[in-house]
Amino acid sequence: MIALSAAHTLGFAHCSKVANRIYNFNRTHPVDPTINKAYVKELQAACPKKVDPRIAINMDPVTPRTFDNIYFKNLQQGKGLFTSDQVLFTDRRSRPTVDAWAKSSPAFNAAFVKAMTKLGRVGVKVGRNGNIRRDCGAFN
């Protein structure tokens with residue numbers, strides 16, 4: 001899962017998906033304390049509180065159009081866009097892998113290929129066993 005999460009090195013996300021991290025994280029911290037303070041300012045500038053819901057930001061602030069291991073370097077600097085990304089660095093169980101892949105692009109690339117190949121072997125549910133959503137952000 002750590003390798004597959006790095007797919008967030010490409011693409012964009014709508015501001016609404018990160019607003020909670022940069023404006024109202026919890027009762028004691030309006031901003032997620034694991035996020036880089038300078039990055040928060042960048043995100044808040046790109047995503048003001050009453051932003052048009054169609055506005056989107058790059059998931060990787062450094063190399064948004066390149067599939068690379070910079071994603072892991074971003075996590076080391078507190079620049080994971082989603083909580084699910086940043087926790088890969090803040091959790092002691094996954095941090096060694098993040099650190100290793102931040103240092104070695106070939107190691108990350110090999111791990112991603114292996115993980116994606118395994119994912120491709122997962123059986124697709126069809127018929128009565130399947131579930132098609134009109135809104136992929138919706139939970140059942």
Which atom of [X] lies closest to which atom of [Y], heavy atoms considered:
X     : Y     : result
Pro61 : Asn74 : CD-ND2, 3.6 Å
Ala19 : Asn24 : O-OD1, 3.8 Å
Leu88 : Ser5  : CD1-CB, 3.7 Å
Pro30 : Thr28 : CD-O, 4.0 Å

Ring centre gap for Phe112 and Tyr71 strictly below 6.0 Å: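 Ring-ring flag for Phe112/Tyr71: false, centres at least 6.0 Å apart.
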Pairwise distance [atom1]([X]) to [atom2]([Y]) - rounded to 0.5 angstrom:
X      : Y      : atom1 : atom2 : value
Cys15  : Ile22  : SG    : CD1   : 7.0 Å
Arg21  : Cys47  : CZ    : SG    : 12.5 Å
Phe108 : Ile2   : CZ    : CD1   : 11.5 Å
Thr90  : Leu75  : OG1   : CG    : 9.0 Å
Thr34  : Asp85  : OG1   : CG    : 10.5 Å
Arg121 : Lys118 : CZ    : NZ    : 9.5 Å

In sequence, state the C-alpha distance, the side-chain angles, and the governing distance for Thr9 and Asn69, and then conclude on side-chain contact (heavy atoms from CB on, under 4.5 Å). CA-CA 8 Å; Thr9 193; Asn69 69 328; over 6 Å; no
Hydrophobic cluster membership, with links at side-chain heavy-atom distances under 4.5 Å among I/L/V/M/F/W/Y: are [X] and [Y] in one?
X      : Y      : result
Val113 : Leu119 : no
Met59  : Met116 : no
Met1   : Phe67  : yes
Val18  : Val51  : no
Leu4   : Phe72  : yes

Within the side chain of Gln86, is there an N or O that forms a donor-acceptor pair under 3.5 Å with the backbone of Leu81? no
Has the side chain of Asn58 got a donor or acceptor atom that lies under 3.5 Å from a matching backbone atom of Asp60? no
Keeping to residues at least two apart or across chains, list the ring-ring contact (aromatic ring centres under 6.0 Å, His included) pairs with something in residues 13-60.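 Passing the test, one end in residues 13-60: Phe12-His14.
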Do Asp68 and Thr66 get their side chains close enough for a donor-acceptor pair, meaning under 3.5 Å?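 Checked: Asp68/Thr66 side chains show no N/O donor-acceptor pair below 3.5 Å.
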Does any pair with a residue in residues 94-103 pass side chain to side chain donor-acceptor pair (under 3.5 Å), and if so which ones, sequence neighbours excluded? Gln76-Asp99
